[in-house]
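Let me begin by presenting the structure, written as structure tokens, before commenting on it.
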Amino acid sequence: MTRREINLVILGLMAAMFLSSLSQTVVGTAMRTIADDLHGLSLQAWVTTAFLIVSTVMTPIYGKLSDLFGRRPLFLIAIVLFLVGSVASSFAQDMIQLAGFRALQGLGAGGLMSLPLTIMGDILAPRERAKYQGYFLAVFGVSSLLGPLVGGLFAGADTLAGIEGWRWVFLFNVPIGIAALFMVFRFLHIPVLHRRVRIDWWGAAALVMGVVPLLLVAEQGRTWGWGSALAIACYVTGVVGIVLFIVIESRMGDDALIPLSLFRSATFSMATLIGVLVGFGMFAGMMVIPLVLQIVHGMTPTEAGLSTLPMILGLMIASIGSGQIIARTGRYRIFPIVGTALMALGYLILSLQQYDSPLWMLLAGQLVLGLGLGQLMQTLTIASQNSVQPKDMGVATAGATFFRQLGGTLGVAVVFSVLFSRVVDTMAASFQRSDLLASMQAALQDPTVLADPANQRIIALLQDPSAIGSAFSDDSSFLNGADPRLTAPFLDGFATATSTVFLVGMAVVLVAFVLTLFFRTPPLRQRSAMEEALAERAELDQLAAEQTATGSIGVPVVAAPDRDDDARTGTGPGAHARREE
């Protein structure tokens with residue numbers, strides 16, 4: 001591939017990643033409008049859950065199949081499935097249909113999440129890859145910012161070109177996806193070097209059996225009850241599925257969906273574990289901060305989306321900056337350490353905010369959090385890719401993405417469980433504060449306050465104190481337009497509860513920080529995975545030719561050493577690349 005072809009492919013990969021990350025945020029702000037139009041507000045959680053579960057489970061499957069059959073056909077299939085699911089979602093007539101079509105969209109999104117980084121590992125050397133991955137994370141940040149804005153814009157339009165506004169939330173994916181499809185089809189040409197094909201069907205089935213129930217209970221457990229019969233059934237099924245998956249993967253060896261041999265590498269194992277904790281911390285912040293902006297600071301969804309700009313800006317600056325430094329020096333061990341430290345500091349700042357704290361305090365915490373995240377996501381992926389053989393590039397990248405998503409899903413479940421269980425206690429404590437009670441009593445003596453319709457919901461809640469603790473469970477709109485003296489205890493209770501959530505996020509990230517101190521990072525290789533694979537194939541072919549010429553029978557199998565062994569002993573393709581340098 002020429003440099004021009006590589007650049008065009010990278011543009012196509014960026015477009016695909018833009019689609020996958022945008023699809024996770026764009027529906028959020030439009031969901032209320034969609035659910036009202038399709039008469040299924042109580043079913044809206046299933047729309048998100050269907051997409052999340054399917055895309056998460058498909059991520060390692062795409063990685064393994066791309067190692068067997070090549071990146072190009074699998075990536076094209078992923079884009080087509082995503083586009084078909086997008087178009088189908090725009091025609092949904094009820095929430096059940098929409099959930100099914102979003103699951104179809106998730107079939108493609110699983111490939112769009114992992115294959116772009118895998119293809120970059122094929123065509124770019126690690127140092128150069130670090131520079132481009134910084135741009136990829138910038139795309140992720142921009143899409144995270146644009147998602148709520150685009151969703152709110154389309155949801156706010158009654159009709160657009162004769163079509164209901166919210167349906168464009170799915171239709172606008174089509175031109176971007178077609179452009180990505182064309183560039184990948186036209187310019188991406190990577191040879192398939194692995195002849196042996198043995199698909200781990202049983203491993204895929206066991207993975208679905210293990211992961212789907214656990215993701216399902218993580219998403220729905222708060223609604224069902226964490227100790228309900230349905231939740232317990234999910235726990236048992238998930239544990240049995242995971243045990244079966246481990247047994248099957250150990251028997252399949254290198255043909256496994258996620259080969260257990262990958263975890264023999266200390267670098268890969270540590271990067272995966274840190275990735276799970278970082279995913280937990282990342283999604284904990286990204287899910288709760290918009291709630292604080294909307295409930296405590298009274299912002300609209302669109303304003304809240306704009307107010308997350310500091311976190312996105314920090315992520316872009318740190319990801320592009322760290323990518324440039326890695327590209328120039330080849331060193332990256334410092335970034336996970338600094339990144340987790342900054343994330344912990346960001347959560348500490350966020351945990352100190354109260355309901356009447358200035359907005360700049362929340363914005364500053366977001367900026368520091370983004371600066372930490374930007375140094376982590378790409379360096380952990382590069383470390384995972386750098387620790388495996390070229391033939392396992394796809395499954396290693398997909399595995400790292402898969403475990404990070406699992407951590408994120410777990411983070412969302414834990415965060416909301418802590419938030420809505422804690423808010424009952426913090427709300428009760430806020431109504432015991434003498435200063436807030438005095439202001440509220442003064443407001444309730446004002447006839448204009450009592451006559452204002454915007455205050456009636458709060459006044460009704462005050463007449464039934466037992467309902468105050470669960471006031472935020474279903475609807476927080478009763479705070480909109482109400483007298484500030486009446487809303488103050490509610491805002492104080494909610495802000496205090498979110499401080500607890502941020503402290504939980506800080507604790508998890510601090511564990512990741514301690515692990516980064518023991519994180520081994522072998523030197524980055526100087527050649528791309530495809531160059532190494534071709535060189536290894538050429539060496540084997542030359543060896544076969546020499547043995548044929550000398551009359552030897554058969555070709556010995558040369559086992560490629562573990563990447564950590566390469567760095568330690570100075571042997572293998574990685575060391576060969578360093579000798580060339």
Side-chain angles (χ1 to χ4, degrees), residues 10 13-14 16-17 20-21 56 59-60 62-63 66-67 71 110-141 258 262-263 265-282 315-316 318-327 330-337 339-340 343 372-390 392-408 512 515-516 519-525 528-529 563:
I10 288 175
L13 299 180
M14 286 184 175
M17 181 164 279
S20 65
S21 56
T56 301
T59 298
Y62 271 108
S66 71
D67 280 340
R71 317 286 186 226
L112 300 186
M113 291 175 184
S114 61
L115 289 179
L117 297 178
T118 305
I119 293 172
M120 285 183 61
D122 285 329
I123 63 179
L124 296 173
R127 283 196 182 188
E128 192 176 12
R129 195 186 314 155
K131 178 174 62 177
Y132 282 102
Q133 282 188 2
Y135 298 134
F136 270 67
L137 288 179
V139 169
F140 172 81
I258 302 179
L262 295 179
F263 294 95
S265 165
T267 300
F268 181 86
S269 298
M270 187 66 80
T272 300
L273 181 56
I274 295 172
V276 170
L277 298 174
V278 168
F280 185 110
M282 175 178 69
L315 189 149
M316 292 173 62
S319 61
I320 294 175
S322 61
Q324 295 289 339
I325 294 173
I326 294 172
R331 300 183 181 278
Y332 59 101
R333 184 178 185 273
I334 189 63
F335 295 112
I337 297 174
T340 50
M343 280 189 70
L373 269 175
Q375 297 181 62
L376 284 165
M377 295 176 67
Q378 67 168 329
T379 50
L380 293 176
T381 300
I382 290 173
S384 298
Q385 292 176 335
N386 195 57
S387 65
V388 301
Q389 303 171 27
D392 292 324
M393 181 68 71
V395 73
T397 308
T401 306
F402 170 71
F403 285 109
R404 187 165 60 241
Q405 287 176 291
L406 285 182
L515 292 178
T516 60
F519 189 27
R520 291 171 47 192
T521 53
L524 293 178
R525 304 192 296 272
S528 69
R563 287 298 175 200

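Along the sequence shown, the residues carry numbers beginning at 1.
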Interatomic distance, CE@Met14 vs CE@Met120, rounded to 0.5 Å, equals 7.0 Å
Nearest heavy-atom contact between Thr379 and Pro336 is OG1-CG, 4.0 Å
CZ (Phe519) and CG (Leu273) are apart, to the nearest 0.5 Å, by 10.5 Å
For Ser66 and Arg71, run side-chain hydrogen bond (donor to acceptor under 3.5 Å, both in side chains): C-alpha distance rounded to whole Å, both residues' side-chain angles, the deciding distance at 0.1 Å, then the answer. CA-CA 5 Å; Ser66 71; Arg71 317 286 186 226; 2.9 Å; yes
Minimal heavy-atom distance between Met282 and Met343, with the atoms involved, is N-CE, 4.1 Å
Given side chains that start at C-beta, do those of Thr118 and Tyr62 come closer than 4.5 Å, heavy atoms only?
no
Nearest heavy-atom approach of Ser319 to Ser322 is O-OG, 3.2 Å
Check: Leu373 and Val278 side chains under 4.5 Å, non-hydrogen atoms = yes
Of all heavy-atom pairs linking Ala400 and Ser384, the shortest is CB-OG, 3.9 Å
Interatomic distance, OG@Ser269 vs CZ@Arg520, rounded to 0.5 Å, equals 10.5 Å
Those residues at least two apart in sequence (or on a different chain) that pass side chain to side chain donor-acceptor pair (under 3.5 Å) with Thr516 are none
In this structure, CD of Gln375 is separated from CD1 of Ile326 (nearest 0.5 Å) by 9.0 Å
| field | Beyond-backbone contact of Leu406 with Phe402, side-chain heavy atoms, under 4.5 angstrom | value | yes
In short, Gly111 meets Pro116 closest at the heavy-atom pair O-CD, 3.6 Å
Worksheet entry | Arg331 CZ: over 12 foreign heavy atoms closer than 6.0 Å | no
Of Ile274, Thr340, Ile337, the one forming a side-chain contact (heavy atoms from CB on, under 4.5 Å) with Leu515 is Ile274
Between the CE atom in Met270 and the CG atom in Leu380, the distance rounded to the nearest 0.5 Å is 11.5 Å
Rounded to the nearest 0.5 angstrom, the CG-CD1 distance for Leu315 and Ile320 is 9.5 Å
Heavy atoms of Gly339 and Leu376 approach each other most closely as C-CD1, 3.8 Å
